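Down below is the structure, laid out as structure tokens.
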Amino acid sequence: MTLHAHAHWLALALLAPYCLADARPTGSYAQSCRAIAVKDDTLSASCQKLNGSYQNTRLNQLSACLNAISREGDIGNIDGNLLCLPDLPKPVPGFRFPEAERTINQWVYGGQRDAMLAHSWGLWAGLNQWVGEVDGSPVRAFQTWASPSNMLYRMSRGLQASAMPLKWPMLELISPNQFRASPHLTVLKADPAAGTAPGPDTRIFVSTAYNPPAANHAIANKLFLQSALDTLLAQGYTEVPNFPVNAITIKPVYKVISAAYINAQGLYTFPGWPGTPEPAKPFDESSWNACVYVDVRGRGTGGNRIDPGCQGPNASNTFYLNNFIHHRIGAEEAASLSRPNRKISAGDYAILVGMHVTTREAKRWTWQTFWWSANADAPYAPSSAATASARPLAYLDPAARHYAMALAYQMVAPAQPIVGGQNVGTSVIAYNPHLEAGFDGDPSSFIPPRPIKGPQGEVVNRYGVQTNCMTCHGLAAYQPKAQYFDQDGKKINREKPYGTDFYMSLNDPIFDGKLKLDFAWSILGNMVKE
């Protein structure tokens, strides 16, 4: 058999179940596409757009896609475009995902920080790989993953489909639940005058997205439906069905650059992170007293500094859109994103300023958080130059290289076992400046902190800049007696209480009578009554 004939046979073999059975590869696209057909190595369909209309679209090299998504990937419809959605692209040589839990535990309990750094940066490289186009605009892997409304649309198909339009992550921008959880944490807004923006823009918006394996799991188990959680409790379960090992959930953080926040020189201003304060204190964006300037009209390499005191723009503290992972908002997206108190217009830009990333490769998940840094080679704490030096630069485009990172694969050091451990050692701090830094020590935000017995005595972590993703998300649980909806059926914030950094066993008494949510606060955040 010639090489060409062998390749042709292999393609036919991969396609055989679809061509010979029903000519329709399985995937979420089938719920919003019609006229589906496979010819040779191409999948074609007419797929629904965000505005409800349909457009013809094609996915070429179908056999390669089916191979890429063999580990619970998906073929998706994103605004009328067919895209191949693997669990995670793996561009960095030697990077493994999912990594064996035994291997990750060897890193954690053996103090192998370099291995953990390499793994976290490998995840970041995969998240930011280009995977296709939506109406001619290239999209990264993480931009294609399922948003909460997309998953609800799929898990409630036929129940409330009309109330759950098909969306994708960029269209799920909301104010962070963290800010609604604390009455003392506010998001200050600049007061833009005509053509000017007098101060740094402290607004942020977040979205949540699940990669295909995580989305498939949530949909199959209907984890966003309150009745499903009640059923599990009634059946004696103490936790939801665990996500698969190749599940990833993310929380991107955006600034939206609108005309009102651009001055006459074409500059947009937002707070620049100056590093963890000493001593620790609440430190939201309005307290940073530093600025970054973005020239929205040009392109370039940009500077490498923030502007302490916001003295004014110069070459060292001015950057360009191409220095950020960003997205130009279209007319249909703007209509979906706008609210009575939030005007977003076609042509505005959403720039990525941060992202929480977590994977279910280990029982307590892996935790890494990223944020945009003016000097990504020497970022401020909670990152470091040593952390930045582990970036796989050859596999990151210039925009993706501009982000700092902190990780938390454990709660304290040395690492404690998942149950029965002790709250001893040193704190492992990992937080996102745009999300957790502003939290104060109010009990409405955090459960009472638990002292860590350290080498120099007890350490009590009280503030957002003393948090750890693993401790915080370990508290995620459904309380059957809690009021999650008001009398009108509207959501009441339910992603609390949070916790600062300390050790907590998986069988801690705090979970008695509750349903643990496999570290996923997003289940409560998106729970609905069907």
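The structure displayed is predicted, hence computed values, not measured ones.
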Requested in this report: Could you tell me which non-hydrogen atom of Leu223 sits nearest to which non-hydrogen atom of Ile523, and how far apart they are?
Outcome: O-CG2, 3.1 Å
Query raised in the report: Does the ring center of Trp124 lie less than 6.0 Å from the ring center of Phe142?
Result: no
**Report entry** Asn323: partners by side chain to side chain contact (heavy atoms under 4.5 Å, CB included), with sequence neighbours left out
**Finding:** Phe319, Tyr320, His402
Query raised in the report: If you measure only the distance, is there a donor-acceptor pair under 3.5 Å linking the side chains of Asn51 and Ser53?
Result: yes
Query raised in the report: Can you find a side-chain donor-acceptor pair between Gln368 and His356 that sits under 3.5 Å?
Result: no
Report task. Scan side-chain atoms only and decide if Asp295 and Thr318 contain a donor-acceptor pair under the 3.5 Å cut-off. Result -> no
Requested in this report: Determine which pairs satisfy side-chain hydrogen bond (donor to acceptor under 3.5 Å, both in side chains) with at least one residue from residues 515-527, sequence neighbours left out, and list them in order.
Outcome: Tyr210-Ser522, Arg360-Asp518, Trp365-Asp518
Query raised in the report: Between the main-chain N or O of Arg401 and the side-chain N or O of Arg391, is there a donor-acceptor pair closer than 3.5 Å?
Result: yes
**Report entry** SB check Arg203 Asp201 (cutoff 4.0 Å)
**Finding:** yes
Query raised in the report: Strictly by modelled atom types, are Gln226 and Tyr478 linked by a side-chain donor-acceptor pair under 3.5 Å?
Result: yes
Query raised in the report: Without hydrogens or angle criteria, can the side chains of Thr366 and Thr359 be said to hold a donor-acceptor pair below 3.5 Å?
Result: yes
Requested in this report: Show your reasoning for whether side-chain hydrogen bond (donor to acceptor under 3.5 Å, both in side chains) applies to Ser28 and Asp74.
Outcome: CA-CA 7 Å; Ser28 62; Asp74 190 17; 2.6 Å; yes
Query raised in the report: Have His434 and Glu285 got a donor and an acceptor in their side chains that come within less than 3.5 Å?
Result: yes
Requested in this report: Would you please indicate if the ring centroids of Phe95 and His119 are separated by under 6.0 Å?
Outcome: yes
Query raised in the report: Side chains of Asn60 and Asp41: do they bring a donor and an acceptor to under 3.5 Å?
Result: no
Query raised in the report: With distance as the sole criterion, is a donor-acceptor pair present between the side chains of Asn246 and Glu361 under 3.5 Å?
Result: no
